[in-house]
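Reminder, nothing fancy here: chain letters follow the sequence lines and each chain counts from 1. Keep in mind the model is a prediction, meaning the values are calculated, not measured.
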Amino acid sequence: MRQTYIKEIAKHVGEEVTIKGWLYNIRSSGKLMFPQIRDGSGIIQGVVFKKAVSEETWKNFELLTQESSIVVKGKPREDSRAPGGYELDITELEIVQIAQDYPITPKEHGIEFLMDHRHLWLRSRRQQAILRIRAEIISAVRTFLDDSGFVLCDSPIFTPAACEGTTTLFECDYFGDEKAYLTQSGQLYNEATAMAFGRVYCFGPTFRAEKSKTRRHLTEFWMVEPEMAYADLEDVMNLAEEFLSYIVARVLDKRQEDLKVLERDISKLEAIKTPFPRLQYDDAVKMLKEGGLEFEYGNDFGSPDETYISQKYDRPVMVHRYPAKVKAFYMESDQENPDLSLSVDVLAPEGYGEIIGGGQRMFSLEKLRERIAEHNLDEASVDWYLDLRKYGGVPHAGFGMGIERCVTWICGIEHVRETIPFPRMLYRLKP
RNA sequence: UCCUCAGUAGCUCAAUGGUAGAGCAUCCGGCUGUUAACCGGAGGGUUGUAGGUUCGAAUCCUACCUGAGGAGCCA
């Protein structure tokens, strides 16, 4: 018999169906058993009456352990007593494999234990909800950009040098005679493809060898970076707010059940509508000082500063025109004040902090050369990048969004480590 | 790199200088509507490692190891 997926069970009430999955948990009450079965699409509670099944089937049910793989046949029906609203009256059981001593029991566990068993932890309800939302967000990102005229042009993962001098890179041996580095941003390559296709985006893994040990950091994370030719800072901010509000709307539309598993406050997400507040760096600094926070003008915001600013709003706030010296070398400077850059960070609400960073790119070849020198970067290694300012340069702009930080915010959870199937963090490379 | 906290049964924790214990998981038994089911019983320990103080150390001291949170840096 064909396999029926649990999420489709409502369409099969009264029919005999076959469910192929794993035993999530089982409760027994003498002559009655309540196995909870999951198949990846959902969880359903089964009912087994001793009198209604063969002696062999009953005995086999007594053998089952948590996460044993099983195929069952039965008839689904609506039942208000069952978690999920539907229940399966089971008639037959086929044991595929008995699991032995599954380590993740239905009680609570510490984070170290769960991280060591990440390959099994993925089976739990909460992790599935988070990763389904991640998949939805990624799908929404692609749909939005594809439908807005952006061409997917992925940037390389092996790169010959740093894109931004500040962060630490993972170094690899490249056939013995050369060093390669894992990409920390597709930015420079995006500018090249944008000059070819007009509107482009890259979307892939990014690597940062920073020894950051906080709930916001991974050493390997996924970043989507749209870039537009003939665009300025204003266009980037417009794009960012349309982009984020589309993503949130998609998750609200398609993943209600998963948000419910996570006990996410939906009203907080329903507030995410354009326009987003826009705040100049200078005004943000005033806000911090009025709030009594110690802050020196000219510095970048620290985590507590971002938290303070973002908590003032019910939707993401776009802080723009940061001092040039705290931003990447390729940021265009503000004509009205050359010490400021045409940059923008989008800070997610509820204290989640920066999820997007972007801006308008430096147009002038001469000024770009000066910046490269100021940042002690090797001009020879980015000669191809400078070509983009020689052969039909145009004003252009874009941003990068860290997927895991976005997922963390939308899910309303504490730590980025749960938003990617196998997180890579400082001192944690396994499993 | 720096600061703070924590390592006791497979898991989550208790025992605060005097006989290492509970819940869950596992095994055995009971229960015809369970909701992290419940009830009874059993097995399960080099208290992270090494040293020290003490009549006596899970407990106090030193070093190291491992993990977590935070700072800086960043998406």
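Between Ile37(A) and Tyr24(A), the closest side-chain pair of non-hydrogen atoms is not below 4.5 Å. A 4.5 Å side-chain heavy-atom check between Phe301(A) and Phe295(A) finds at least one atom pair inside the cut-off. Side-chain contact between Tyr201(A) and Asp146(A) is present, with heavy atoms from C-beta onward closer than 4.5 Å.
The separation of A63(B) from G21(B), taken at their P atoms, amounts to 33 Å, rounded to a whole angstrom. A gap of 12 Å separates the C1' atoms of G23(B) and A36(B), to the nearest Å. Across the C1' atoms, G70(B) and C28(B) are found 49 Å apart, a figure rounded to whole Å. A gap of 12 Å separates the C1' atoms of C24(B) and A9(B), to the nearest Å. Taking atom C1' on both nucleotides, A25(B) is separated from G44(B) by 11 Å, rounded to a whole Å. G43(B) and A22(B) have their P atoms separated by 11 Å, given to the nearest Å. Using C1' as the reference atom, U46(B) and A20(B) are 13 Å apart when rounded to the nearest Å. Rounded to the nearest Å, the gap between the P atom of U19(B) and that of A57(B) is 12 Å.
Ranking U32(B), C74(B), G67(B) by closeness to the Lys31(A) side chain, first place goes to U32(B). Considering only the side chain of Phe113(A), U12(B) comes nearest among C73(B), A75(B), U12(B). In this structure, of C73(B), A68(B), A75(B), it is A68(B) that holds the atom nearest to the side chain of Ile111(A). Nearest nucleotide to the Arg81(A) side chain, out of U34(B), C74(B), G72(B): U34(B). The side chain of Ser303(A) sits closest to C74(B) out of G67(B), C74(B), G33(B). Nearest nucleotide to the His109(A) side chain, out of U12(B), G33(B), A75(B): U12(B). Proximity note for Asp300(A) (side chain, C-beta onward) versus C74(B), A75(B), U32(B): the nearest is C74(B). When the nucleotides U34(B), G33(B), A75(B) are ranked by their closest atom to the side chain of Arg405(A), A75(B) comes out on top. Of the candidates U32(B), A71(B), G70(B), G70(B) carries the atom nearest the Arg215(A) side chain, counting heavy atoms from C-beta on.
Under 3.5 Å, the side chain of Gln45(A) and the base of U34(B) form at least one donor-acceptor pair of N or O atoms. The base of G23(B) has none of its N or O atoms less than 3.5 Å from a complementary donor or acceptor on the side chain of Glu108(A). For a distance-only test at 3.5 Å, the side chain of Thr105(A) fails to qualify as a donor-acceptor partner of the base of C24(B).
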(message) Is there a side chain to side chain contact (heavy atoms under 4.5 Å, CB included) between Leu259(A) and Leu269(A)? Walk through the geometry before answering.
(response) CA-CA 10 Å; Leu259(A) 292 169; Leu269(A) 295 178; 4.1 Å; yes

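Under the Watson-Crick or G-U wobble criterion, with both distances below 3.5 Å, C11(B) is paired with G23(B). With a cut-off of 3.5 Å on both Watson-Crick or G-U wobble distances, the partner of G33(B) is given as none. Look at G43(B): it lacks any Watson-Crick or wobble partner with both distances under 3.5 angstrom. Pair assignment for U16(B) gives none, since no Watson-Crick or G-U wobble pairing has each distance under 3.5 Å. Using N1 to N3 plus N6-O4 or O6-N4 for Watson-Crick, or N1-O2 and O6-N3 for G-U wobble, each under 3.5 Å, U53(B) pairs with nothing. U4(B): Watson-Crick or G-U partner is A68(B), with both key distances under 3.5 Å.
Contacts of Glu87(A) with the nucleic acid, taken as non-hydrogen atoms under 4.0 Å apart, include base atoms. At a threshold of 4.0 angstrom between heavy atoms, the contacts of Thr65(A) with the nucleic acid are absent. Backbone-only engagement by Ile356(A) is indicated by non-hydrogen atom pairs under 4.0 Å involving sugar-phosphate atoms exclusively.
The neighbour count for Tyr5(A) OH, taken as heavy atoms of other residues, nucleotides or ligands under 6.0 Å away, does not exceed 12. Around atom NZ of Lys254(A), no more than 12 heavy atoms belonging to other residues, nucleotides or ligands sit under 6.0 Å away.
Aromatic rings from Phe399(A) and Phe243(A) are positioned such that their centres are separated by under 6.0 Å. The ring of Tyr297(A) has its center closer than 6.0 angstrom to the ring center of Tyr281(A).
Straight-line distance from the CD atom of Glu296(A) to the P atom of G72(B): 14 Å, rounded to whole Å. Summarising the geometry, the separation between CD on Glu67(A) and P on U26(B) is reported as 13 Å, rounded to the nearest angstrom. Going from atom CZ of Phe301(A) over to atom P of C74(B) covers 13 Å, rounded to whole Å. Atom P of nucleotide C11(B) and atom CD of Gln66(A) are separated by 15 Å, given to the nearest angstrom. Note: CG (Asp305(A)) to P (A71(B)) measures 10 Å, nearest angstrom. Residue Ile104(A) contributes atom CD1, which lies 19 Å from atom P of C24(B) at whole-angstrom precision. Spacing between atom CD of Glu354(A) and atom C1' of C74(B) amounts to 7 Å, rounded to whole angstrom units. In this structure, the NE2 atom of His217(A) is 11 Å from the C1' atom of A71(B), given to the nearest Å.
Both Val47(A) and Asn25(A) lie close to RNA chain B; mapped to their nearest nucleotides by heavy-atom distance, the more 5′-ward contact belongs to Val47(A). The 5' end of RNA chain B is approached more closely, in terms of each residue's nearest nucleotide, by Asp101(A) than by the other of Ile26(A) and Asp101(A).
Using bins of under 30°, 30° to 60° and over 60° for the plane-to-plane angle, the ring pair Phe329(A)/Tyr385(A) lands in the perpendicular bin.
Contact check of residues 411-431 of chain A against RNA chain B (heavy atom, cut-off under 4.0 Å) returns His415(A), Arg417(A), Tyr427(A), Arg428(A).
Of the side-chain N and O atoms in Lys213(A), one or more sit less than 4.0 angstrom from OP1 or OP2 of A68(B).
The structure places NZ of Lys327(A) at 13.5 Å from CZ of Arg321(A), a figure rounded to the nearest 0.5 Å.
The aromatic ring of Phe34(A) does not sit over the base of G33(B), since the test of centres under 5.5 Å and planes under 30° is not met.
Salt bridge status for Arg126(A) with Glu263(A): absent, with no side-chain N to carboxylate O gap under 4.0 Å.
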